[in-house]
Number of protein chains: 2
Amino acid sequence: MDAQGIKQCLEDSGLRCTPQRYSVMSFLMEHAGHPTAAEIFEGVNRLDPRSSRATTYNNLRDLVQAGLVREVAMEGRAARFDAKGAQHHHFICDKCGKVEDIDWYTVPQPGSESLGKRIVRECELIVRGLCTKCVPRRASQNSSRVVSAV
Amino acid sequence: MDAQGIKQCLEDSGLRCTPQRYSVMSFLMEHAGHPTAAEIFEGVNRLDPRSSRATTYNNLRDLVQAGLVREVAMEGRAARFDAKGAQHHHFICDKCGKVEDIDWYTVPQPGSESLGKRIVRECELIVRGLCTKCVPRRASQNSSRVVSAV
DNA sequence: ATTTCATATTAGACATAATCTAATTGCTAT
DNA sequence: ATAGCAATTAGATTATGTCTAATATGAAAT
């Protein structure tokens with residue numbers, strides 16, 4: 001997406017396209033590897049204008065609230081962020097913490113009869129296990145590849 | 001589950017049944033409301049013997065590793081814990097942060113052909129939105145109850 | 001019962017992640 | 001130009017979780 005497109009995108013969501021906010025959004029679109037807030041802060045500050053840590057957090061919060069960015073909370077580690085493109089879920093490696101997009105699986109939506117009075121905004125599937133790099137050589141083909149989904 | 005059952009349960013997982021560890025496990029089984037580590041620490045210390053904060057965290061980590069307890073990471077808030085009973089997923093309220101068990105929905109497991117060399121340990125569905133207490137009066141019956149699952 | 005040794009516990013220091021504050025700057029509309 | 005609101009900033013602060021080094025405990029061997 002070009003600069004104009006990002007600007008449009010932000011403004012359609014009611015957010016001003018400030019240089020710092022633009023940088024965060026742009027960085028997230030170019031780096032699909034689910035960076036942490038600290039990585040984003042570092043990344044955008046390699047360019048001008050410099051942004052503060054508070055602003056990076058503020059802008060991430062605004063972008064998440066606007067629904068343009070997804071935040072993935074991690075057990076014991078810093079949260080990770082990604083620009084919402086095509087809808088997808090996440091695979092999180094138990095060992096190295098890497099987050100991979102899952103586009104090879106879809107979750108059928110719960111029937112509304114089971115939701116009671118709740119308002120559902122979003123469903124996310126988190127699949128946990130070992131990524132291809134962390135799988136021990138001989139294990140990838142054996143029976144431990146079991147899914148314990150409900 | 002009675003005291004003997006909890007002891008058995010811990011030992012079957014290779015964990016010694018120490019008073020502090022027993023307290024944590026017992027507390028989690030009696031309090032299904034997904035307490036935070038701080039709440040668990042407070043809760044078990046209303047009884048004897050007293051446990052330290054470090055021990056509470058150590059024991060939670062051990063119990064999670066042993067697969068007896070589930071940790072649910074929260075965006076911007078403290079992680080929450082629950083004893084794994086029957087398998088279930090979680091509904092997290094955007095507004096009040098309450099975590100509710102979802103037992104009214106099942107996730108079909110991904111076909112193994114789509115997993116590549118990954119080893120999948122667990123699939124968890126996180127449904128986000130507004131819980132029944134946080135739903136505005138007039139909104140509960142309207143069209144905003146849309147599920148945006150992939 | 002005593003010794004031995006790995007495991008568990010403890011208090012508090014430390015590390016990290018994220019938020020808050022108060023002052024300042026920069027848009028935007030008039 | 002200027003008024004008023006939104007955004008930014010540096011740094012302090014809070015919240016959450018981890019580490020360290022000393023001590024205690026429990027189980028097995030003797």
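Only a predicted model underlies this, so the values are computations on that prediction, with no experimental measurement involved. Each chain gets a letter, A, B and so on, in the order the sequences are listed, and its residues count up from 1.
Residue contacts for A:Thr55: at a heavy-atom cut-off of 4.0 Å it reaches a base atom on one of the strands shown.
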When you check every protein heavy atom under 4.0 Å of nucleotides 25-30 of chain C, what one-letter string (B, S, -) results, 5' to 3'? --S---
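A cation-pi arrangement is found for B:Arg118 relative to A:Phe91, the charged atom lying closer than 6.0 Å to the ring centre and inside a 45° cone about the ring normal.
One atom, CG of A:Asn59, and another, P of D:dA7, lie 9 Å apart when rounded to the nearest Å. For A:Asp62 and D:dA6, the CG to C1' distance is 11 Å, given to the nearest whole Å. The CE atom of A:Met74 sits 14 Å away from the P atom of D:dG17 (whole-angstrom rounding). In this structure, the CZ atom of A:Arg21 is 7 Å from the C1' atom of D:dA7, given to the nearest Å. The distance from atom CZ of B:Phe41 to atom C1' of D:dT18 is 15 Å, rounded to the nearest whole Å. If you measure from atom CG of B:Asn45 to atom C1' of C:dA11, you get 13 Å, rounded to the nearest angstrom. Summarising the geometry, the separation between CD on B:Glu39 and P on D:dG17 is reported as 11 Å, rounded to the nearest angstrom. Following rounding to the nearest Å, B:Asn58 (CG) and D:dT16 (P) show an atom-to-atom distance of 18 Å.
Nearest heavy-atom pair, B:Arg21 versus B:Asp62, reported as atom, atom and distance to 0.1 Å: NH2-OD2, 3.1 Å.
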All N/O pairs under 3.5 Å across the protein-nucleotides 17-19 of chain C interface:
from	atom 1	to	atom 2	distance (Å)
C:dA18	OP1	A:Ala79	N	3.2
C:dA18	OP2	A:Tyr57	OH	3.1
C:dA18	N7	A:Arg53	NH1	3.0
C:dA18	N6	A:Arg53	NH2	3.3

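No side-chain donor-acceptor contact under 3.5 Å links B:Arg121 to the backbone of A:Arg128.
The aromatic rings of A:His90 and A:His88 sit perpendicular, their planes meeting at an angle over 60°, well past the 30° parallel limit.
The closest side-chain heavy-atom distance from A:Glu71 to A:Arg80 is not below 4.5 Å. Considering only heavy atoms from C-beta on, B:Ser26 comes within 4.5 Å of B:Tyr22 through its side chain.
Residue pairs satisfying the salt bridge (charged side-chain N to carboxylate O under 4.0 Å, His left out) criterion with at least one member in residues 82-92 of chain A, sequence neighbours excluded, are listed as follows: A:Lys84-A:Glu122.
For the pair B:Lys98 and B:Glu100, the salt-bridge criterion is met [side-chain N within less than 4.0 Å of a carboxylate O]. We find that A:Glu42 and A:Arg53 are not joined by a salt bridge, their nearest charged nitrogen and carboxylate oxygen being 4.0 Å or further apart.
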